[in-house]
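Convention: sequence-line order gives letters A, B, ...; per-chain numbering from 1.
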Number of protein chains: 2
Amino acid sequence: MVLTERHKELIERIGVFHEHKGMQPLVGRIIGLLLVHEEGEVSFDEIVENLSVSKSAVSNALTFLQAKGRCVYSTRPGDRKRYFALKVSDWREDFQQELENIAEIQKFIDEVLEVRTEKNPEFNCKMKDFSDFLGFFKKEIPSLFERFKKQQV
Amino acid sequence: MVLTERHKELIERIGVFHEHKGMQPLVGRIIGLLLVHEEGEVSFDEIVENLSVSKSAVSNALTFLQAKGRCVYSTRPGDRKRYFALKVSDWREDFQQELENIAEIQKFIDEVLEVRTEKNPEFNCKMKDFSDFLGFFKKEIPSLFERFKKQQV
DNA sequence: CAGTTAGTTCTGCAAATACAGAACCATATA
DNA sequence: TATATGGTTCTGTATTTGCAGAACTAACTG
């Protein structure tokens with residue numbers, strides 16, 4: 001598949017988006033490439049060529065993505081190449097995980113509340129309020145997915 | 001205020017938590033300190049001393065936190081020191097912002113769908129499904145806060 | 001005005017990051 | 001067995017990060 005300028009530019013932007021999320025640059029670009037690539041399955045050297053990076057960098061980035069469970073490869077009979085693809089199938093789990101990660105701060109808030117004195121009750125009260133909300137939020141996550149399912153025609 | 005070992009250890013953990021979110025180490029530690037500090041307001045040199053870092057590092061970190069709107073300082077009559085505090089009051093806005101940041105990936109998904117051919121309809125379909133969910137999710141955010149308010153006694 | 005206090009900005013550096021290039025390994029093929 | 005292919009691992013390095021330390025500024029103080 002030949003990438004147009006539009007493809008390349010979109011891959012770059014998807015790359016920086018993921019960089020901001022803490023991933024290393026190339027990992028973000030690879031996610032971008034796997035997203036825009038029409039077949040969805042991209043060979044190792046197609047990645048090397050399209051992104052103009054070294055084999056070693058691609059190898060490490062793919063190892064990382066596979067370890068994180070965001071990417072898998074398949075092989076084809078009589079073809080030693082590996083074809084890499086995103087695990088888009090798991091978006092529900094991934095999204096749920098991300099939401100729970102955010103709510104993880106509740107643990108810290110609660111520990112903070114244990115440690116704090118009564119010297120600043122207003123502060124404590126707001127923290128308690130936030131913690132309560134985070135607990136509520138976590139409980140609401142499953143029903144969110146259910147409601148989405150229902151409202152789908 | 002004198003910090004116990006428990007305080008210090010909690011500050012460290014809050015620090016690494018924020019590091020994982022992309023912040024620089026000291027910024028995370030300062031958030032931790034401002035959280036566990038009983039008065040809630042901490043002077044510049046209390047930060048320097050408690051975290052054993054240089055004035056320049058603290059100055060830069062505080063500038064960053066203020067720019068991000070996560071921290072403010074107040075002064076006291078006849079006292080030239082600045083007392084820094086977290087803006088815990090804004091936790092609703094902040095949390096809402098974080099949720100919307102996650103959902104920001106919808107823009108990219110939609111652009112990807114525009115660019116993609118029909119060669120892999122299954123992939124496209126899953127992406128479309130994800131995008132629809134993100135749209136649904138964004139719409140649900142305000143009602144989430146409302147429901148929290150209602151279920152509070 | 002000299003000295004002090006509170007904080008900022010500038011300069012430099014040690015450590016971490018992200019990658020290139022080469023050597024390497026494993027499997028397939030001639 | 002020699003050679004090619006596909007990918008990994010190792011080594012080195014340019015760049016970036018995160019901070020220290022010193023110089024600096026601004027306001028107050030005697």
Participant: In this structure, how many angstroms lie between the C1' atom of D/dG6 and the CZ atom of A/Arg76, rounded?
Facilitator: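 Nearest whole value for this atom pair: 15 Å.
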Participant: Whole Å only: how far is the CD atom of A/Glu49 from the P atom of D/dT5?
Facilitator: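 After rounding, the gap between these two atoms is 14 Å.
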Participant: Of all residues at least two apart in sequence or in a different chain, which pass the salt bridge (charged side-chain N to carboxylate O under 4.0 Å, His left out) check with B/Asp129?
Facilitator: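 Scan of B/Asp129 (salt bridge (charged side-chain N to carboxylate O under 4.0 Å, His left out), adjacent residues dropped) gives A/Arg92.
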Participant: Do B/Tyr73 and B/Phe44 touch side chain to side chain, with heavy atoms closer than 4.5 Å?
Facilitator: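 They are not in contact (no side-chain heavy atoms under 4.5 Å apart), so the answer is no.
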Participant: Rounded to the nearest angstrom, tell me the gap between atom CD in A/Glu19 and atom P in C/dT17.
Facilitator: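 After rounding, the reported distance stands at 14 Å.
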Participant: Output the rounded distance in Å from CE (A/Met23) to C1' (C/dC19).
Facilitator: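 The answer, rounded to whole Å, is 18 Å.
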Participant: By nearest heavy atom, map A/Val27 and A/Gly78 onto DNA chain C; which one lands nearer the 5' end?
Facilitator: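 That would be A/Val27.
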Participant: Any chance you could measure A/Leu113, atom CG, to A/Phe108, atom CZ, to the nearest 0.5 Å?
Facilitator: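 Nearest 0.5 Å value for the CG-CZ distance: 13.5 Å.
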Participant: CD1 of B/Ile102 to CG of B/Leu134: how many Å apart, nearest 0.5 Å?
Facilitator: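 Answer rounded to 0.5 Å: 9.5 Å.
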Participant: Indicate whether any N or O donor in one side chain lies under 3.5 Å from an N or O acceptor in the other, for A/His37 and A/Glu39.
Facilitator: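 The criterion, which ignores hydrogens and geometry beyond distance, is satisfied for A/Glu39 and A/His37.
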Participant: Heavy atoms under 4.0 Å, any strand shown: does A/Thr75 hit a base, just sugar-phosphate, or nothing?
Facilitator: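 Contact class for A/Thr75: none.
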Participant: Polar pairs (N or O, both sides) under 3.5 Å between protein and nucleotides 3-13 of chain C?
Facilitator:
residue, atom, partner, partner atom, Å
C/dT5, O2, B/Arg80, NH1, 3.3
C/dT5, O2, B/Arg80, NH2, 2.4
C/dG7, OP1, B/Arg82, N, 2.5
C/dG7, O3', B/Arg82, NH1, 3.3
C/dG7, N7, B/Lys55, NZ, 2.5
C/dG7, O6, B/Lys55, NZ, 3.0
C/dT8, OP1, B/Arg82, NH1, 3.3
C/dT8, OP2, B/Ser59, OG, 2.7
C/dT8, O5', B/Ser59, OG, 3.4

Participant: In terms of side-chain heavy atoms, does B/Gln24 have a donor or acceptor partner in B/His18 at a distance below 3.5 Å?
Facilitator: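 Looking only at side-chain atoms, B/His18 and B/Gln24 do not form any donor-acceptor pair under 3.5 Å.
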Participant: With respect to the phosphate group of D/dT17, does any side-chain polar atom (N or O) of B/Gln24 fall under 4.0 Å of OP1 or OP2?
Facilitator: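 Negative; the distance criterion is not met.
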